[in-house]
There are 2 protein chains.
Amino acid sequence: MDRTARRTENRYGNRPTMKDVAARAGVGLKTVSRVVNGEPGVTPDTERRVQEAIAALGFRRNDSARVLRKGRTASIGLVLEDLADPFYGPLSRAVEEVARAHGALLINGSSAEDPDREQELVLALCARRVDGLVVIPAGDDHRYLEPEIAAGVATVFVDRPAGRIDADVVLSDSFGGARDGVAHLIAGGHRRIGFIGDQPRIHTAAERLRGYRAAMEDAGIPVDERWMSLGVTDPERVRRAAEEMLKGQEPVTAIFAGNNRVTVTVVRVLAELDRRVALVGFDDIELGDLLQPGVTVVAQDAAQLGRTAAERLFRQLDGATLLPERIELPTRLIQRGSGELPPA
Amino acid sequence: MDRTARRTENRYGNRPTMKDVAARAGVGLKTVSRVVNGEPGVTPDTERRVQEAIAALGFRRNDSARVLRKGRTASIGLVLEDLADPFYGPLSRAVEEVARAHGALLINGSSAEDPDREQELVLALCARRVDGLVVIPAGDDHRYLEPEIAAGVATVFVDRPAGRIDADVVLSDSFGGARDGVAHLIAGGHRRIGFIGDQPRIHTAAERLRGYRAAMEDAGIPVDERWMSLGVTDPERVRRAAEEMLKGQEPVTAIFAGNNRVTVTVVRVLAELDRRVALVGFDDIELGDLLQPGVTVVAQDAAQLGRTAAERLFRQLDGATLLPERIELPTRLIQRGSGELPPA
DNA sequence: CTGAAAGCGCTTACAG
DNA sequence: CTGAAAGCGCTTACAG
């Protein structure tokens, strides 16, 4: 190998380039490019010489350079709240599968529910010139994305709509799902029903609360302010909220949990109780069917959410001129026991 | 919105470049570069003019071009088996956090436990010139990575070692963890203990089986071949395997489940049974403490696995000349009831 | 069938 | 303090 003194201190660690391959094979640069990209118009003999040089040098095309020239990076960005939240697992995988089918790589990052961090991450992805973005927004003002979208970055929001810009969004029917779940509890005879949800600035949390209120109102049940608690979903806060509604003279007899994180903690709190309290949770949870009682949930299809968003993204990229659309997926009530417990 | 005729057929959608900014501000290209990168040696007045031009044009630096020139992409690749598997959630997040602390983005992809797909993905990442790779390998021959590593791509394997190359690896003590878990069952009086694990070609599966055998041998218990079942971890296969060991004259009285996927299915099978069968699972599972009985597990720290690997990766990138190392993290037996059930 | 030249949008190395 | 030239490793547009 004569690669030692080739370049001074190495970029990309001294990798051979098409130029090196061309020199070794005794052909022009463009011929190497043709062979590497499988373009026609190279005689078998020339091709063989080039292939040999490629193998001997261990050449691998630098897609960074290719991207610069071609203008598309064949990569998309996925910004979500927390890579470790089980809700995003199937969603991420679905996005990845669609991306893969379109030959694109997935750049993944978490906003940690922080609008500034979301923006920082999104703009970093734009600076890398991802072809498109799938965003589960943390913030409520996405005007910072306008120049990017105008410049051609395909963008689809998932799970929550964009703020102050008009963009595609794919979401679950949070309002309807919560309303149905709460109506189910009411149908079971409950009147004092608690709602524990995420921070009210988060669209899904607000929508689910709205669904809760609608179901209560439909049934003519006045809502006590103490039955509703919105805030961060860490176990301590949720635990306090649940305990608060469960004590006193007139405790709630049922709880609607606003998402999977809340449900898990409420299940823990209820397990410690000496009386039975009904529970319906938004989002399905693993093993929820094997608890005693099984956890009744309003399930949403996270994979379908991701798939729909990613497919929409690639339709944008394929040049379809689409007007921004709002796609809402239905939820499904799964009865497993906890939501069918009668009032104490 | 005027998104209809938004794109012509342009590259990067007609974005302004540093050249455009320079022209508008009436300065040289290099001055724009200085301002954009916060380099010193620009008078306040010049800087202001450039900033105005940047704002007016909506300029955003193209990191693709920057990368080509600088030689480092400030991105790392993470290849795992399945983005949707809860085991990888905390691991991914830990890798992301370390990457973020080092100013790098994370490109994420699944191998679906297919060696060819792993290689394809890894090489695609190398073609994008990621600075480093964190790989949970699906295959057992990674010689294809040799030229990449020689060219300077930092590489750390996680959860399973690399095959046929000498590379850093961070893993949990699968052998010791499984041995301890099985020894715990034996200490509880069990002698007919089943082992259901992943495909034997997967390192962790083989190691855990070895741990099972070691514990049995230490206790002087001859192992019946029918007590061991290795294969894919889809629910159908695991269910059949469990049912097989649980029937007949001399059924197993306890099962050791080789990973979280297996545990979840075995829990389901045991829940349908009219007799109590003990269970210890490798990997912790959410809500495992709330089942009846609670699921005893050999827990590994997935986040720590990811964090350790990523930190090691960046130490490589920071130029430390490190010999390939094998870092093994301890596991922890968590008793919750299922592993303490006596033999029938 | 083949290749030299120009260019993608930046940074580097250098000169003023 | 400022900027023109060269170059990163490819592809595009063109000419032979």
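Letters A, B, ... are given to chains in the order of the sequence lines, protein chains preceding strands, and every chain is numbered from 1.
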Kindly point out which of C/dT11, C/dT2, D/dG9 is positioned nearest to the side chain of A/Leu68? D/dG9

Does B/Asp114, at its CG atom, have more than 12 non-hydrogen atoms belonging to other residues, nucleotides or ligands within less than 6.0 Å? yes

Any side-chain N or O of B/Ser64 less than 4.0 Å from the OP1 or OP2 oxygen of C/dG9? no

Between B/Arg69 (CZ) and C/dC10 (P), how many Å, whole number? 14 Å

Any donor and acceptor pair, going by atom type alone, linking the side chain of B/Glu96 with main-chain N or O of A/Gly109 inside 3.5 Å? no

Are any side-chain N or O atoms of A/Arg128 and backbone N or O atoms of A/Leu125, one a donor and one an acceptor, separated by less than 3.5 Å? no

Name every residue in residues 46-55 of chain A that has at least one heavy atom under 4.0 Å from any atom of DNA chain D, in order of residue number, or write none if there are no such residues. none

B/Met18 has an atom CE; how far is it from atom P of C/dT12, in whole Å? 11 Å

Salt bridge present between B/Glu148 and B/Arg143 (N-O < 4.0 angstrom): no

Rounded to the nearest 0.5 Å, how far apart are CG of B/Asp63 and OG of B/Ser75? 10.0 Å

If you compare all heavy atoms of A/Glu325 against all heavy atoms of A/Asp168, which two are closest, and at what distance to 0.1 Å? N-OD1, 2.7 Å

Would you say A/His142 and A/Gln119 are linked by a side-chain donor-acceptor pair, where the criterion is simply a distance under 3.5 Å? no

Would you kindly give the CG-to-P distance between B/Asp63 and C/dC8, to the nearest whole Å? 18 Å

Checking salt bridge (charged side-chain N to carboxylate O under 4.0 Å, His left out) for the pair B/Asp20/B/Arg24: CA distance, chi angles, key distance, verdict? CA-CA 6 Å; B/Asp20 299 323; B/Arg24 174 155 187 140; over 6 Å; no

Let me check I have this right: for DNA chain C, each base becomes ., (, ), [, ] or |, based on Watson-Crick or G-U pairs with both distances under 3.5 Å. What is the full string? |||.||||||||.|||

Does anything in residues 27-39 of chain A come within less than 4.0 Å of DNA chain C? Heavy atoms only, and list the residues if so. A/Val27, A/Gly28, A/Lys30, A/Thr31, A/Arg34

Quick check on B/Asp141: does its CG atom have over 12 non-hydrogen neighbours (other residues, nucleotides or ligands) under 6.0 Å away? yes

Starting from P on D/dG7, measure out to CG on A/Asn62 and report it in whole angstrom. 18 Å

In whole angstroms, the gap separating C1' of C/dC8 from CG of B/Asp20 amounts to 13 Å

Rounded to whole Å, the NZ-C1' distance (A/Lys70 to D/dG9) equals 14 Å

Please examine the side chains of B/Asp82 and B/Phe87, heavy atoms only from C-beta on, and report whether any two atoms are closer than 4.5 Å. no

Please state how far atom CZ in B/Arg129 lies from atom P in D/dG9, giving the value in whole angstrom units. 9 Å

Backbone of A/Arg34 reached by a side-chain donor or acceptor of A/Asn37 within 3.5 Å: no

